[in-house]
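Take a look at the structure set out below.
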Amino acid sequence: MDYNFQEIEKKWQEYWADNGSFKAEESSEKPKYYVLDMFPYPSGAGLHVGHPLGYIASDIVSRYKRHKGFNVLHPMGYDSFGLPAEQYAIQTGQHPAITTEENIKRYRQQLDQIGFSFDWSREVRTSDPNFYKWTQWIFLQLFNSWYDTSADSSKSIDTLVQHFEAKGSEGVNAVTSNEEDFTAEVWNALSDIQKEEILQKYRLAYRAESTVNWCPALGTVLANDEVKDGLSERGGHPVIQKKMMQWSLRITAYAQRLLDGLDEIDWSESLKESQRNWIGRSEGASVHFALKDREDKIEVFTTRPDTIFGVSFMVLAPENPLVDKITTEAYEGSVRKYKEQAAKKSERDRLADVKTVSGQFTGAYAVHPFSGKELPIWIGDYVLASYGTGAVMSVPAHDSRDYAFAKYFDLPILPVVEGGDISKESYDAKEGKVINSDFLNGLDVKEAVAKAIAKIEEEGLGKGKVNFRLRDAIFGRQRYWGEPIPVYYQDGVPHAVKQEHLPLELPQVDAYLPTEDGEPPLARGHKWNYDPEKGVVANGEGYPLEQTTMPGWAGSSWYDLRYMDPFNTDAPVSEKADAYWQNVDLYIGGSEHATGHLLYTRFWHKFLKDQGIISQNEPFKKLINQGMILGTSAFAYRVEGQNKFVSRGLRKDYKTIPVHVDVHMVNASDELDVEAFKAWRDDLAGAEFISENGKFLVGREVEKMSKSKYNVVNPDDIIEQYGADTLRMYEMFLGPLEQSKPWNTAGITGVHGFLKKLTRLYKNGADWNISDEKADEKELKSLHVLIKKVNEDIEAFSFNTSVSAFMICVNELGVMKCNKREILEPLAVLISPFAPHLAEELWAGLGHEGGISAVPFPVHNDEYLAQNSFEYPVAFNGKMRFKEELSLEMGKDAVEKHIMALERTATYLDGKSPKKVIVVPGKIVNIVI
RNA sequence: GCCCUGGUGGUGGAAUUGGUAGACACGCAGGACUUAAAAUCCUGUGAUCAGCAAUGGUCGUGCGGGUUCAAGUCCCGCCCGGGGCACCA
């Protein structure tokens with residue numbers, strides 16, 4: 001065999017491992033380039049052909065950059081804390097660390113086979129105590145920080161305490177849930193416990209009673225991004241709302257910076273848009289409405305202060321604490337009933353039930369700040385307690401939800417913006433002239449918004465305000481297999497575990513379930529107390545440790561930094577490593593992390609930047625989302641009620657049910673291996689098959705790759721049959737990296753054949769056959785067209801088109817029977833990022849030693865590309881009719897003259913004289929008749 | 001509902017950003033080599049009409065308009081697929 005890929009690939013993989021070919025240099029004169037893949041969670045199922053897609057693309061870039069003279073950091077590791085290993089542990093009693101270790105071994109084996117140029121010496125695992133020591137350390141920095149909005153930066157909590165001691169809360173501009181002002185005297189007189197209660201409202205990692213997403217089936221809380229349509233993202237279990245004491249991270253402090261930062265990074269527009277939606281900035285005003293006959297006020301947030309004269313009632317969320325205070329005696333019963341009803345509804349029901357209007361009058365009235373009119377106060381579950389102030393001013397004429405509410409309960413609808421018909425629906429558009437609105441009359445909506453805010457501020461009724469939809473991130477999980485939160489409790493007050501006692505390692509437990517009392521699994525640890533002098537001690541001594549662990553995204557929020565300096569024992573990353581590597585130049589991974597990992601990571605980096613740990617604002621300069629590789633399922637058509645199958649073309653004649661067929665039993669022409677199919681399952685053994693033209697054909701459909709659809713293709717099988725280089729090139733050839741596309745094993749023969757063809761340029765049978773003759777013009781042109789294209793394509797991440805370009809060039813050289821060193825040497829280097837094993841083999845065959853990976857990448861020479869003639873398409877009224885080869889040196893006029901003199905031109909003119917002749921040199925001739 | 005994407009042969013996809021639509025590959029059809037198969041190589045392959053044929057005509061990039069000598073590409077209005085957000089005031 002002239003292309004013995006199995007032997008070649010094994011040989012060079014060993015060579016790379018033995019020579020440490022891809023070790024990134026600590027420091028270097030070379031410019032740095034950091035290419036990162038989203039590290040995988042090592043699941044038990046192993047990789048299917050969809051997983052390596054992004055890794056192949058990043059590997060091509062890494063290898064290309066090495067050829068271009070960069071010091072490339074291209075690491076890999078494992079996001080090894082997670083639910084599946086824990087659930088397996090619950091079922092079997094096996095420690096999740098063991099399962100994880102086994103899965104990692106399998107992953108490593110699969111990854112190694114594909115020939116990636118990872119620097120494995122820097123491997124990280126989030127579940128490794130040497131790694132999570134620093135995850136815990138970062139958590140403690142967050143715990144010890146508050147956010148100063150005046151400086152727009154986080155600061156040490158000590159600075160806040162000093163301020164409180166000297167001046168109380170006056171002059172503090174912080175992101176906080178604290179609403180009560182106090183003086184220095186009051187502060188200094190507080191007990192430690194009371195002080196800590198207040199500080200918790202400022203810390204960036206804090207404990208608070210908050211409504212959380214509780215998943216009873218998983219026995220843990222979930223972050224907002226882990227819940228989809230009221231179900232847990234993992235497992236699809238129902239999620240309910242529950243009030244719990246929870247650790248949270250104050251990501252909301254960074255909302256504006258997270259939003260602004262998007263403008264300086266090269267990410268896809270759709271991804272940025274997802275993050276913008278998630279952060280959900282809206283501008284408006286907060287306005288205080290006084291209550292009739294009471295001291296309290298209702299504060300609302302509105303984005304439409306211009307419609308303030310259209311307010312005809314107020315609505316509070318049922319959970320709003322004000323409700324109980326203001327409800328009049330006569331309505332107490334019905335309000336209580338409504339609240340109970342609302343509390344019973346799960347988030348999911350509430351979402352599903354958007355169309356049903358419900359609410360209850362409280363008996364109380366607010367007073368319109370400008371008109372003095374009395375406004376009835378209602379409660380309704382369309383108002384959310386967790387957004388804004390949990391209260392709205394209702395402008396039914398210009399808000400569809402308020403409109404529905406007003407119609408249902410027959411409340412007044414007052415139009416204040418011209419331009420819509422409000423007899424059937426509200427007019428929500430922000431266009432038109434304001435009417436019926438006193439000092440706002442005659443203004444455009446935009447002007448009215450500004451004027452209304454100015455007036456509200458002037459009268460002390462409120463102020464302009466920006467609101468974000470982003471919520472603080474719930475950080476505690478009632479699980480075993482995660483990073484322990486390094487906190488202990490003294491008199492119920494949380495204290496940080498000392499740095500010298502980090503990592504706080506997971507305790508040994510006898511089972512991985514929550515306890516019978518519903519406490520997290522860590523409560524089963526027999527040695528899970530803490531003494532600030534001694535560290536972890538047995539229960540009964542010292543103080544109790546926190547029992548929840550960190551969520552899956554904790555470790556992944558900073559792992560990119562650890563690769564820069566994986567063995568550092570003094571810091572997550574050294575100043576030197578940070579200064580050299582800075583941040584990730586190219587990050588490739590799936591778009592499913594848009595509002596989870598990618599947002600949290602940006603948050604942690606901004607925080608670490610504030611702390612002076614790192615120098616960069618953003619972790620990932622450029623990000624590409626690789627598309628999903630879908631499966632091409634195969635179906636056999638079973639005749640309803642019979643054990644009989646009909647071929648695809650005949651199924652119209654029968655009533656059939658499609659049955660999934662394992663794609664491995666179908667060939668490239670969609671023919672089913674009937675014998676294999678019969679042997680597949682007992683019930684099929686006696687089946688009858690009706691063929692067409694002697695063939696039994698299956699139907700095809702594109703679906704997500706999944707075991708249950710029998711359409712999963714394993715890379716190991718592909719590598720076994722065609723080799724890793726073929727797999728790599730075929731995955732790239734399938735289509736644009738960012739696009740989702742179906743896998744079809746049938747097409748792979750094209751790429752495999754190409755690699756064989758390439759080999760044949762260098763070899764004659766088993767022997768190397770290379771000539772030192774000078775290359776001719778045509779050969780050089782073919783090569784240099786390719787050099788130019790490949791360079792451009794890699795820079796543009798358009799790998800599918802470079803594979804085509806390789807095919808075109810190799811086809812051309814094959815026809816010319818070119819075996820000249822002058823052509824074949826650069827060709828081997830060009831293809832090395834794509835098919836590295838074969839490239840190494842060819843390079844060695846050309847007589848080189850020392851490997852190909854650092855050989856400079858070819859640069860094209862324009863001289864060889866220069867054309868002296870061009871085949872002009874000649875079009876009449878824009879329709880191409882014939883072509884004429886002309887010298888490119890001919891000017892416009894000369895071309896026109898030549899073309900007009902042609903006999904063929906005369907035929908098409910058919911006696912008419914052209915109105916106009918357009919000549920675009922080197923492009924086209926168009927004759928307008 | 002709002003926001004991002006995308007829509008090109010039987011299939012995956014190209015098209016230098018306004019200049020020959022369908023590169024490259026799969027599949028299909030035919031042929032060469034072979035006892036045969038595999039492998040390899042060659043030819044054809046958007047639809048449709050006319051012709052024995054070389055060839056020629058018409059249509060054709062989701063739909064309907066428009067700009068232009070020229071539109072897959074630009075503009076206006078729709079339709080459909082994929083994704084994000086969503087009683088967010």
Side-chain angles (χ1 to χ4, degrees), chain A residues 1 268-282 284 300-304 307 315 317 350-351 353-357 380-384 386-395 398-402 404-405 428 467-471 591-592 594-595 625 627-628 632 668-670 700 702 730 733-736 738-751 753-754 756-757 760 788-789 792 798 800-808 811 814 871-883 914-920 922-929:
Chain A
M1 205 188 340
S268 75
E269 202 41 51
S270 63
L271 197 72
K272 288 187 185 181
E273 210 46 43
S274 291
Q275 292 213 343
R276 288 193 188 107
N277 280 337
W278 190 260
I279 296 167
R281 181 191 153 102
S282 56
V300 300
F301 174 74
T302 177
T303 56
R304 295 295 302 273
T307 62
V315 184
R350 221 159 129 167
L351 286 175
D353 208 16
V354 168
K355 286 192 190 76
T356 322
V357 177
D381 67 2
Y382 82 96
V383 177
L384 306 175
S386 52
Y387 183 74
T389 58
V392 301
M393 59 175 223
S394 283
V395 186
H398 305 292
D399 181 285
S400 50
R401 296 149 308 179
D402 295 345
F405 197 85
D428 294 8
N467 228 0
F468 293 96
R469 196 176 53 231
L470 184 71
R471 307 293 158 78
S591 56
E592 66 274 18
T595 52
N625 290 128
M628 209 191 323
T632 310
S669 314
D670 288 351
R700 292 287 199 172
V702 173
Y730 186 53
F733 186 60
L734 280 176
E738 300 192 57
Q739 195 174 301
S740 284
K741 57 237 159 197
W743 175 269
N744 181 4
T745 305
I748 204 166
T749 54
V751 171
F754 155 75
K756 285 192 203 166
K757 225 180 203 176
R760 281 200 297 273
K788 184 160 188 262
K789 180 83 178 141
E792 286 169 358
S798 176
N800 55 325
T801 50
S802 17
V803 178
S804 304
F806 276 116
M807 289 172 169
I808 293 168
N811 284 344
E871 201 174 25
Y872 277 92
V874 181
F876 292 78
N877 288 339
K879 279 180 193 162
M880 205 279 288
R881 295 301 181 184
F882 63 86
K883 289 177 188 174
K915 281 188 198 142
K916 204 171 177 183
V917 178
I918 286 138
V919 177
V920 185
K923 285 264 163 81
I924 200 168
V925 177
N926 191 16
I927 298 166
V928 188
I929 313 173

If the cut-off is 4.0 Å, is [X] near the phosphate of [N], judged by side-chain N/O to OP1 or OP2?
X        : N      : value
A:Arg760 : B:rC41 : yes
A:Asn811 : B:rA25 : yes
A:Tyr387 : B:rA89 : yes
A:Ser282 : B:rA89 : yes
A:Gln275 : B:rG84 : no
A:Lys923 : B:rA70 : no
A:Arg881 : B:rG57 : yes
A:Lys883 : B:rU20 : no
A:Asn877 : B:rA70 : no

Just the rounded figure in Å: distance from [atom2] of [N] to [atom1] of [X].
X        : N      : atom1 : atom2 : value
A:Lys756 : B:rA39 : NZ    : P     : 7 Å
A:Asn744 : B:rU11 : CG    : P     : 13 Å
A:Lys879 : B:rG57 : NZ    : P     : 10 Å
A:Lys915 : B:rA70 : NZ    : C1'   : 14 Å

Which of the following nucleotides, [options], is nearest to the side chain of [X]?
X        : options                : value
A:Pro742 : B:rG12, B:rG27, B:rC4  : B:rG12
A:Ile808 : B:rA14, B:rA23, B:rC59 : B:rA23
A:Asn800 : B:rC69, B:rA14, B:rG27 : B:rA14
A:Leu734 : B:rG12, B:rA89, B:rC69 : B:rG12
A:Ile918 : B:rU20, B:rG19, B:rG13 : B:rG19
A:Gln739 : B:rG13, B:rA25, B:rG19 : B:rG13
A:Lys757 : B:rC41, B:rC4, B:rC85  : B:rC41
A:Glu273 : B:rC3, B:rA89, B:rC85  : B:rC3
A:Thr595 : B:rA23, B:rC85, B:rC87 : B:rC85

Open item on the list: Return the CD1 to CZ distance between A:Ile748 and A:Phe733, rounded to the nearest 0.5 Å.
Closed with: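 Here the interatomic distance stands at 11.5 Å.
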Open item on the list: For the CD atom of A:Glu738 and the OG atom of A:Ser268, what is their distance to the nearest 0.5 Å?
Closed with: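 A:Glu738 CD to A:Ser268 OG: 6.5 Å, rounded to 0.5 Å.
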Open item on the list: Please classify the glycosidic conformation of B:rG9 as syn (within 90° of 0) or anti (everything else).
Closed with: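 Here B:rG9 takes the syn form, which means its glycosidic angle is within 90° of 0.
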TODO: Would you mind calling B:rU11 syn or anti? Take O4'-C1'-N9-C4 for purines or O4'-C1'-N1-C2 for pyrimidines, and syn is within 90° of 0.
DONE: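 The base of B:rU11 is oriented anti (glycosidic angle more than 90° from 0).
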In Watson-Crick or G-U wobble terms, both distances under 3.5 Å, what is the partner of [N]?
N      : value
B:rC63 : B:rG77
B:rU20 : none
B:rU58 : B:rA47
B:rU68 : none
B:rA15 : none

Open item on the list: Go through it in stages, so that I can follow the logic: the residues are A:Met880 and A:Ile924, the test is side-chain contact (heavy atoms from CB on, under 4.5 Å), and I'd like the CA-CA distance, side-chain angles, deciding distance and then a yes or no.
Closed with: CA-CA 9 Å; A:Met880 205 279 288; A:Ile924 200 168; over 6 Å; no
Task: Lys/Arg-Asp/Glu bridge criterion (N-O < 4.0 Å) met for A:Glu273, A:Arg276 - done: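 A:Arg276 and A:Glu273: salt-bridged.
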Open item on the list: Ignoring hydrogens and geometry beyond distance, is a side-chain donor-acceptor pair present between A:Asn811 and A:Lys757 at under 3.5 Å?
Closed with: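 There is such a pair (donor and acceptor under 3.5 Å, judged by atom type) between the side chains of A:Asn811 and A:Lys757.
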Open item on the list: Considering every strand and a 4.0 Å limit on heavy-atom distances, what is the contact class for A:Ser394: base, sugar-phosphate, or nothing?
Closed with: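 No contact at all - A:Ser394 keeps every heavy atom at 4.0 Å or more from the nucleic acid.
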Open item on the list: Taking the nucleotide of RNA chain B with the nearest heavy atom to each, does A:Pro736 or A:Val920 sit closer to the 5' end?
Closed with: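 The residue whose closest nucleotide sits nearer the 5' end is A:Pro736.
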- [ ] Could you say whether A:Ser270 or A:Val392 is positioned toward the 5' end of RNA chain B, judged by the nucleotide with the nearest heavy atom to each?
- [x]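 Residue closer to the 5' terminus by nearest nucleotide: A:Ser270.
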TODO: Considering only atom C1', compute the distance from B:rC85 to B:rG12 and round it to an integer number of Å.
DONE: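 Roughly 32 Å separates the two C1' atoms.
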